[in-house]
Trainee: 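The structure under discussion is supplied below as structure tokens; questions concerning it will follow.
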2 protein chains.
Amino acid sequence: MATIRDVAKIAEVSVSTVSLAFSSPGRVSPRTLERIRSAAAAVGYVADPLAQSLARGRSRMIGFVVGNVGNPFFGDIRRELENYALEHEHFVLITDSSGKTDRERDLIEHLIGLKIAGLALAPSSFGPDYVKFVESIKVPMVCFDQKVAGIERDFVGSDNFLAGAMLTEHLLQLGHRRIAFIAGPQHMHTASERYRGFVETMASAGVEVNPNYVVDGQFTRSAGYEAAMRLLIQPERPTAILGANNAVALAALQAMQELGFSCPDDISLAMIDNVQWSSVITPRITMVVQDTLQLGNIIARRLLHRITDPDANNEPPQDFVLAPKFVPGNSCRRI
Amino acid sequence: MATIRDVAKIAEVSVSTVSLAFSSPGRVSPRTLERIRSAAAAVGYVADPLAQSLARGRSRMIGFVVGNVGNPFFGDIRRELENYALEHEHFVLITDSSGKTDRERDLIEHLIGLKIAGLALAPSSFGPDYVKFVESIKVPMVCFDQKVAGIERDFVGSDNFLAGAMLTEHLLQLGHRRIAFIAGPQHMHTASERYRGFVETMASAGVEVNPNYVVDGQFTRSAGYEAAMRLLIQPERPTAILGANNAVALAALQAMQELGFSCPDDISLAMIDNVQWSSVITPRITMVVQDTLQLGNIIARRLLHRITDPDANNEPPQDFVLAPKFVPGNSCRRI
DNA sequence: CGATTTTATCGAACCGGTTCGATCAGCATC
DNA sequence: GATGCTGATCGAACCGGTTCGATAAAATCG
């Protein structure tokens, strides 16, 4: 590998001039610039990014930290960020915390050690300690998906209240009254907002929520399955189930299938968030989806803005909340 | 941030001794070691990984390059690698080439610029140029999934011939003779092997393969859909379809549903590779799955071995080929 | 007890860049 | 013709570590 000193020697200039020639070509005379460029081309010189990062104190890498890179929701966002970053000569380092807060912390610290230019984080936790940790991160950052109370950073996400409300309203319109809700962990903002959307829409319609119809699915497949089973063995079954996310809803579908219930004939089902291959699942589930591409795009723009614009760190943190979209399927029946 | 010189000053030793104390504590006297450790603890010293990498010429990071991190197949492998790497104080950088060879190349070069200790690569291409490029990589590496002719590196993958053969045999046992095959790109080793498994098993059973029943699905959803449609509009339809991967098989299921065919009553379906939520897809598709956890484990061990064992680079490259597993569903009917 | 080996520590060079103050030539100004 | 200014270039220090040969003290040996 050719170093900057090799180039300097060949071009017969000092090392600092070579450095200058690449970082701000305008400040070098056209003649020497040309000499340096051809010398660099001759030996195939490419600046060592590691040495640059060490000297500059920052790199051109962006950290992307989520709980599950396999989730297509995060996948879409990641792809948008990658493309946008690439256009601006930045490079995305993807990491996966498996939803574990400890590992997330390790990953972030590792990334900071690599002197990343910026961080896109889908927070995995909440609470004072967590907020303190996130607030201590001095790298430009954008949080997304999960709004955490107390974190004063840019946030990009969807209107989860609306998501819950839309599906509830849809089921009410179809004549359902005995609507069950498989909730997520209430400390998560997305989960509590979706639940609030359900509860308040029911209240607005003057329909009472049966406490037995609200179960906790933890946003996971296994807990969702158990929760659904509890719903389905009740003597007075709900006529419709609303899953607060894709995992619990599909777990409910599985439970229904295993118990021999037909969807939507026996029980209707609706969910928040898409899954891969949703179109080949029978029935096609009525859902509300987030505009992942748009979310990714905003995250990317906002983060790159904070990274590249020198006085962007004076700008106050801002929230970007997008409306989700209703996607009808055939899993909800009029009664 | 405290630097090594701060620690040296407090512990009243030289910088080189501090460095030594952390890299090989045995070569420092117990007394000074203790002084250095407490000094480091006092100021919260942590070695800057960037500076270390620069000085050492290599880091403790492992590059993971695949075409689609969202694919659960790669997800399982990634998780195994991450866990194993973490146990050995290495850190996995995940990157996604979107299946594009150009981007893959950029990513790899970027990673090499970061002086990664090792590379786990699921090759996205083939051919002399590609082989030359991969062979030029001097970092310890393990290839997986796709066996590429000419690349002399460790390889970890599944027996794809067997995968194709198992499902073909299963369909033959059920009495099927008009079996269609939705193939993948034949330049890919996995695709051609699966196809070979189909063809040879048919031949062994003395059943002729109808050329109209072999279509190219490119391993993608869209091409698979078109290919399936071509199969389904034929006057003499196949009684069973074998999808060479999950995408083409599920695309075929979708096509069948849209044309009003019932699976398995009208047409049976089997596929290679699992998908998330396969258990809630109706019918549950009979498939052959790869042992992703085992694959990931072998990749991790092999790579870490090559990284940490100094004379491992003398070891010749080795192939690890695992047998896939048959997972019965209810998508194949006896006729 | 002197000669030799071992052990602990150090200084300096190095990894490959960036950055900033100094220098110097060229040019305009008075 | 002396003075002041500008733009191009340079040297040196620095980023934060590692590594290796040198050195001095301690341990081993005959």
Side-chain angles (χ1 to χ4, degrees), chain A residues 1-37 39-40 43-61 89 109-110 112-117 138-139 310, chain B residues 1-37 39-40 43-61 89 109-110 112-117 138-139 310:
Chain A
M1 271 295 109
T3 75
I4 199 171
R5 309 189 201 248
D6 299 332
V7 176
K9 198 155 291 175
I10 297 176
E12 295 177 309
V13 292
S14 76
V15 168
S16 45
T17 307
V18 179
S19 177
L20 204 59
F22 284 105
S23 55
S24 26
R27 295 178 52 193
V28 169
S29 79
R31 272 204 17 254
T32 42
L33 182 59
E34 178 47 37
R35 281 224 312 287
I36 290 171
R37 286 206 168 140
V43 294
Y45 168 74
V46 180
D48 182 330
L50 230 49
Q52 285 191 130
S53 303
L54 179 61
R56 289 198 182 130
R58 69 132 85 182
S59 71
R60 301 183 78 75
M61 300 183 291
E89 296 169 305
E109 278 167 358
H110 231 290
I112 291 175
L114 293 175
K115 308 218 174 11
I116 48 170
K138 281 179 287 289
V139 164
Chain B
M1 272 292 110
T3 75
I4 199 171
R5 310 192 198 247
D6 300 332
V7 176
K9 198 155 291 176
I10 297 176
E12 294 177 309
V13 292
S14 76
V15 168
S16 45
T17 306
V18 178
S19 177
L20 205 59
F22 285 105
S23 54
S24 26
R27 296 177 52 191
V28 168
S29 79
R31 272 202 19 253
T32 43
L33 183 59
E34 178 48 36
R35 281 226 312 286
I36 290 171
R37 287 209 167 136
V43 294
Y45 167 74
V46 180
D48 182 330
L50 230 49
Q52 285 191 130
S53 303
L54 179 61
R56 289 196 183 132
R58 68 134 84 182
S59 69
R60 301 183 78 76
M61 299 183 292
E89 296 168 303
E109 277 166 358
H110 231 291
I112 291 175
L114 294 175
K115 307 212 176 13
I116 47 170
K138 280 177 290 286
V139 164

Trainee: State the OG1-CD1 distance between A:Thr17 and A:Ile4, to the nearest 0.5 angstrom.
Mentor: 9.5 Å
Trainee: Show every donor-acceptor pair shorter than 3.5 Å between a side-chain atom in residues 18-28 of chain A and any protein atom, with sequence neighbours excluded, or say none if there are none.
Mentor:
{"unit_1": "A:Ser23", "atom_1": "OG", "unit_2": "A:Ser19", "atom_2": "O", "d": "3.0"}

Trainee: Mind calculating the distance between CD (A:Glu34) and P (D:dA8) to the nearest angstrom?
Mentor: 16 Å
Trainee: To the nearest 0.5 Å, tell me how far A:Leu50 CG sits from B:Ser59 OG.
Mentor: 7.5 Å
Trainee: Just checking B:Thr32: base, sugar-phosphate only, or nothing, at a heavy-atom cut-off of under 4.0 Å?
Mentor: sugar-phosphate
Trainee: Nearest 0.5 angstrom please: B:Arg5 CZ to B:Lys9 NZ, how far?
Mentor: 9.5 Å
Trainee: Return yes when atom CD of A:Glu109 has more than 12 non-hydrogen atoms of other residues, nucleotides or ligands closer than 6.0 Å, and no otherwise.
Mentor: yes
Trainee: Under the side chain to side chain donor-acceptor pair (under 3.5 Å) rule, collect the residues that match up with B:Ser29, sequence neighbours excluded.
Mentor: B:Thr32
Trainee: Can you tell me which residue pairs pass the salt bridge (charged side-chain N to carboxylate O under 4.0 Å, His left out) test with a partner in residues 47-60 of chain A, sequence neighbours excluded?
Mentor: A:Asp48-B:Lys115, A:Arg60-A:Glu89
Trainee: Can you pull out how bent the helix from C:dC1-D:dG30 to C:dC30-D:dG1 is, comparing the axes over its first five and last five pairs, to 10°?
Mentor: 50°
Trainee: Please identify each residue that fulfils salt bridge (charged side-chain N to carboxylate O under 4.0 Å, His left out) with A:Asp6, with sequence neighbours left out.
Mentor: none
Trainee: Classify every nucleotide of nucleotides 13-25 of chain D by which part a protein heavy atom approaches to under 4.0 Å, writing B for the base, S for the sugar-phosphate alone and - for neither, in 5'-to-3' order.
Mentor: --BBBBB------
